[in-house]
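Written out below as structure tokens is the structure these notes cover.
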Amino acid sequence: SLGVGAFYSSAIESLEIPELQTTIADSLCYGCKSLQSIKVSSKTTTVGKCAFSVCLKLENLTLPDNVSSIGESAFSECDSFTEFTIPKLTRVLNSGLFQNCDNLQKVNFHNEITSIGTFAFRNCTALTSISLPELITHVPEGLFTGCRLLESVTIPARVKTIYHSS
């Protein structure tokens with residue numbers, strides 16, 4: 001099994017998660033600036049916090065629909081991400097999930113997401129428009145701080161609170 005920080009700041013360019021591994025450990029590939037591709041096991045259900053943070057060349061990552069938990073800042077500073085699809089069983093987008101993803105232009109949400117954490121999209125400077133998931137009830141602090149090209153945000157009718165610096 002691949003443990004916490006197993007490839008921390010290494011020069012790997014590709015990775016295949018073993019088929020029997022259901023959890024991608026915290027900081028598994030943190031700082032792997034040359035990592036370009038990852039094949040994730042179809043049995044994966046959990047992505048740990050900061051698992052792929054600062055993977056500057058990682059252009060896309062497809063997670064299986066049975067991933068139900070994605071940790072804080074799991075994809076922060078993935079500068080080459082342009083689009084990401086949230087797995088169908090994921091209900092919560094944790095804090096800092098995509099912060100500093102400079103080229104992120106689109107996030108594909110599904111209708112079962114119930115919560116988005118603080119600073120989830122902070123400094124996503126290529127984001128121009130976004131429609132928040134229908135079931136969220138608040139817009140957290142700093143959600144779009146530094147998203148200087150953001151022109152349009154669709155906020156669901158259920159939202160009761162929009163926090164400071166959102």
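Position 1 is the first residue of the sequence; numbering continues from there.
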- Can you tell me if CD on Glu59 sees more than 12 non-hydrogen neighbours from other groups inside 6.0 Å? no
- For Gln99, all residues meeting side-chain hydrogen bond (donor to acceptor under 3.5 Å, both in side chains), sequence neighbours excluded: Arg122
- Approximate separation, where rounding is to 0.5 Å, of Leu63 CG and Lys88 NZ: 13.0 Å
- How many angstroms lie between NZ in Lys33 and CD1 in Ile12, if you round to the nearest 0.5 Å? 14.0 Å
- Carefully, step by step, assess Ile24 and Val40 under the rule side chain to side chain contact (heavy atoms under 4.5 Å, CB included). CA-CA 9 Å; Ile24 295 175; Val40 178; 4.1 Å; yes
- Query: Does Cys124 offer a backbone N or O that forms a donor-acceptor pair with the side chain of Asp102 under 3.5 Å?
  - Reply: no
- Is there side-chain contact between Leu15 and Cys29, with heavy atoms separated by less than 4.5 Å? yes
- Hey, mind stepping through Thr90 and Ile113 against side chain to side chain contact (heavy atoms under 4.5 Å, CB included) and telling me if it holds? CA-CA 7 Å; Thr90 301; Ile113 294 169; 5.8 Å; no
- Decide whether Asn60 and Glu83 meet the rule of one side-chain donor and one side-chain acceptor closer than 3.5 Å. no
- Query: Backbone N or O of Ser80 within a donor-acceptor pair of the Asn103 side chain at under 3.5 Å?
  - Reply: no
- Query: Thr44: what forms a side-chain hydrogen bond (donor to acceptor under 3.5 Å, both in side chains) with it, not counting sequence neighbours?
  - Reply: none
- Task: Might you point out which heavy atoms bring Ile136 and Pro156 nearest each other, and give the distance in Å?
- Result: CG1-CG, 4.0 Å
- On a heavy-atom basis, the closest approach of Val67 and Pro87 is O-CB, 3.7 Å
- Check whether any side-chain heavy atom of Ile38 sits under 4.5 Å from a side-chain heavy atom of Leu58, and report yes or no. yes
- dist Thr22:OG1 -> Lys43:NZ (nearest 0.5 Å) comes out at 10.5 Å
- Rounded to the nearest 0.5 Å, how far apart are CG of Leu61 and NZ of Lys39? 12.5 Å
- Item | Same cluster (ILVMFWY, side-chain, under 4.5 Å), Leu2 and Val4 | no
- Query: What is the distance from atom CD of Glu72 to atom SG of Cys50, rounded to the nearest 0.5 Å?
  - Reply: 8.0 Å
- Message: Run the ring pair (Phe, Tyr, Trp, His ring centres under 6.0 Å) test against Phe109 and tell me which residues pass, sequence neighbours left out.
- Response: none
- Task: Look up atom CD1 in Ile70 and atom CG in Leu97, then write down how far apart they are to the nearest 0.5 Å.
- Result: 6.0 Å
- Message: With clusters defined by side-chain heavy atoms of hydrophobic residues (ILVMFWY) lying less than 4.5 Å apart, directly or transitively, does Val107 cluster with Ile155?
- Response: yes
- Query: Without hydrogens or angle criteria, can the side chains of Ser53 and Ser76 be said to hold a donor-acceptor pair below 3.5 Å?
  - Reply: yes
- With a 4.5 Å limit on heavy-atom distance, are the side chains of Leu104 and Asp79 in contact? no
- Among Asn111, Thr114, Ile116, Ile86, which one satisfies side chain to side chain contact (heavy atoms under 4.5 Å, CB included) with Pro133? Ile116
- Message: Quick check against the 3.5 Å criterion: does Ser41 have a side-chain atom that pairs as donor or acceptor with the backbone of Glu19?
- Response: yes
- Note on the structure: Of all heavy-atom pairs linking Pro140 and Gly117, the shortest is CG-O, 3.4 Å
- Please report the C-alpha distance between Leu28 and Ile17 in whole Å, then the side-chain angles of each, then the deciding distance to 0.1 Å, and finally whether the side chain to side chain contact (heavy atoms under 4.5 Å, CB included) criterion is met. CA-CA 11 Å; Leu28 179 71; Ile17 304 295; 3.9 Å; yes
- Identify the two heavy atoms, one from Tyr8 and one from Ser27, that lie closest to each other, and give their separation to 0.1 Å. CD1-O, 4.4 Å
- Query: Relative to each other, are the rings of Phe81 and Phe75 parallel, tilted or perpendicular (30° and 60° limits)?
  - Reply: tilted
- Query: Please walk me through it: do Leu135 and Glu112 pass side chain to side chain contact (heavy atoms under 4.5 Å, CB included)?
  - Reply: CA-CA 7 Å; Leu135 295 180; Glu112 302 300 318; 4.2 Å; yes
- Which pair of non-hydrogen atoms, one from Glu77 and one from Cys101, has the smallest distance, and what is that distance? N-SG, 4.0 Å
- Query: If you take all heavy atoms of Gly48 and Ala74, which pair is closest and at what distance?
  - Reply: O-CB, 3.8 Å
- Item | Test item: His138 side-chain N/O and Lys160 main-chain N/O as donor-acceptor pair under 3.5 Å | no
